[in-house]
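What follows is a set of notes on a single structure, which appears directly below.
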Amino acid sequence: MLTPEYPVKQPLHLFYCNPINCMQALLSHPLFKPHISFILRKVWTCAARVCRVYDEWLSGDRAWSLQVRLPLLSYTWRMTPSQEALPPGATLLGAVLSSDKTNISVMSGNRVAHPVLISLANIDARIHSKTSLHAYLLLALLPIAKFTHKSTHIRGLLQDRLAHQALNIVLSTLKTAAAVSVIMSDPVGNLRYCVTPLASWIADTPEECLLAGTGPTASPVTIATSKHFSDPHRHPSRMAEGTIAAICTACSKYSPNDYKNFLKAVRMLGLNGVVEPVWMDWALSSPSDFLTIECLHHFHRFAWDHDVKWCITVMGTTELDYHFSIIQTLVGYRAFDEGISNLKQVTGRDHHSVQCYIIGAVAGAVPRRFFVALRSLVDFRYLAQVLMFTTHSLDWVARALQDFHDNKDAVIYHGARRNWELPKLELLQSVVPRYLPIRSCDAMEC
Amino acid sequence: MQWSADVTEHAHVEEIKVPTRAGNNQNYYSQIARHLDRLDKCFRFDLATYIKEHNHAGTADEVFVEEDHEPDTKKRLVSEYLTPICFITNYFSISSTLLHPSTPKPFRTFVTSTTAFHLATKPSLRLTLAEAAVKYQLPKLAPAISTFISEQNSSTVPLDSIKLQIWHNVRVQQKSYHNGD
């Protein structure tokens, strides 16, 4: 039972499990036993340590830096007296959370559920990414309230706050475990001191904004605002402290319960009006780190929503449909005999296949620089999807994105777009720095 | 590590949509929670009994389950829940069980020394010999078949009465020599 801060139509119930129990269930699962690892590692392609390989979460730099910081943490974060007892050999257990709204019933009531799923980043990536292995457990069902307030904007604000309020309750044990560590048994049966930072939160763009506490005009992971979404470089990360400071500024101007004025104040600061974000007292976790890019929404949806629209604008509907209809398709590949401009109920599978053909379909029919921009964006997507990055392949990814930014003015010039206020475009900048943060620091120190 | 929402979107189906459909469209959240709880208990029970049985069979006197081309149902229940194992039917073993003289002929599964073939129940086409020769543009088909038949059982059959069953697809299986089994 949850008490919201404003009257609602129906009483709210929050259903949740203890996240520590969920993680323990995954950890002691007999069938995941051979696929769970705890050892952090740095992998190179050869002994000369030139080309680094990034595949699992544990081989990344972020996990490494977290483990290095662990003994320090016990010193700096004096949250409880038992903090000093944190052993240097604590184990990192990365929590993976995911939340997304999903429709339960269409046509009859349009009910929506807002589930939060939990998983473990220590499970191998190839096991983790199998859909049929039940690596994700249902952690909580966030309540969806019907507030009695008249204004839609304020109802949205209240719903956002409610989501964070509920998440705060659900994840409180996980936060404690991240700060003071918890004893859990590993698949072999040994007890380990486990620290649970948040490895990743898989969500689509609106959900990421909700979590990071940013408004629609600001990026959830960097300090860029809508005017700067198209900049060809990455803005500095949005640190947790910065967002909290901005929230405090807004709170000092107006009381958070003065919804109308408070909403105006937070809009100016690019926030969404959440006062106590869920990551506020979560050690080792900051939104710019755990909000990771994910393929489905940020690549495939982006391609469908934008790239294809640009092509339609530049080439015209009939021409593009004709080009698609005469493509010779191999057995096993999707054929678009009717063209693509009036497809309905397009699924992710179709997004994939349109991306396969789009370059071939528009080649020669669009201006050269527009084509280069499109092509480099497609290159970028394919390169960034690989399961295993190396230092070289990250260079290619960065170069493909740079090519797009060099040529993107052609898209505007040919009238396909008026501005570049695309949050997803800004998020693409975060792919490479996620893997290479340490290297850039080294370069600065040298 | 690459994160993708594909998996989580798929997990929604199992964790939310299936339990929802099992309910009566009232009080969604509590019914989903109860459904998943019970499912989890059932799964744990299955798993525990499976492990128990497995240990028992392994330690008692090394009695293994007899070779059967239908996998054990209980084993399948547990493994289907958690592992995406594609069960490989062993056509070699099926063919060896067919060696019994009372089995009806012709076989749909047959082996050479290295390769097993398996035909579907229904052929793609049923044609007479003349029709087949026209359809596949093989003028020498009829003489070839008559030679084959005479070689096999040294009696001539009138060519008009021969009906052919033609399969366009067959399943071919070969033994993997580099794998342990």
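Predicted, not measured: the structure shown is a model, and the values here were computed from it. Letters go in sequence order (proteins before strands), and every chain restarts at 1.
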Exercise. Between H12(B), R21(B), K17(B), which has the largest tally of heavy atom pairs under 4.5 Å with chain A?
Worked result: H12(B)
Exercise. Pick from A25(A), P115(A), A203(A): which one has the most heavy-atom pairs with chain B under 4.5 Å?
Worked result: P115(A)
Problem set entry | Top contributor to chain B contacts, counting heavy-atom pairs under 4.5 Å, from L138(A), L58(A), D204(A) | L138(A)
Problem set entry | Residue of the set V96(A), L296(A), I202(A), L97(A) for which side chain to side chain contact (heavy atoms under 4.5 Å, CB included) holds with T8(B) | I202(A)
For this session: State, with a plain yes or no, whether a side-chain heavy atom of L36(B) is found less than 4.5 Å away from one of L137(A).
Result: no
For this session: Using non-hydrogen atoms and a 4.5 Å limit, figure out which bit of L141(A) sits close to chain B: side chain, backbone, both or neither.
Result: both
Problem set entry | Side chain / backbone / both / neither for L142(A) at chain B, heavy atoms under 4.5 Å | backbone
For this session: Verify the neighbour count for atom CZ of R41(A): are there more than 12 heavy atoms of other residues, nucleotides or ligands below 6.0 Å?
Result: yes
Problem set entry | More than 12 heavy atoms from other groups under 6.0 Å of OH on Y16(A) | no
For this session: Could you go through the side-chain contact (heavy atoms from CB on, under 4.5 Å) check for Y29(B) and L12(A) one step at a time?
Result: CA-CA 11 Å; Y29(B) 279 12; L12(A) 297 177; over 6 Å; no
Exercise. With a 4.5 angstrom heavy-atom cut-off, which part of R44(B) approaches chain A: side chain, backbone, both or neither?
Worked result: side chain
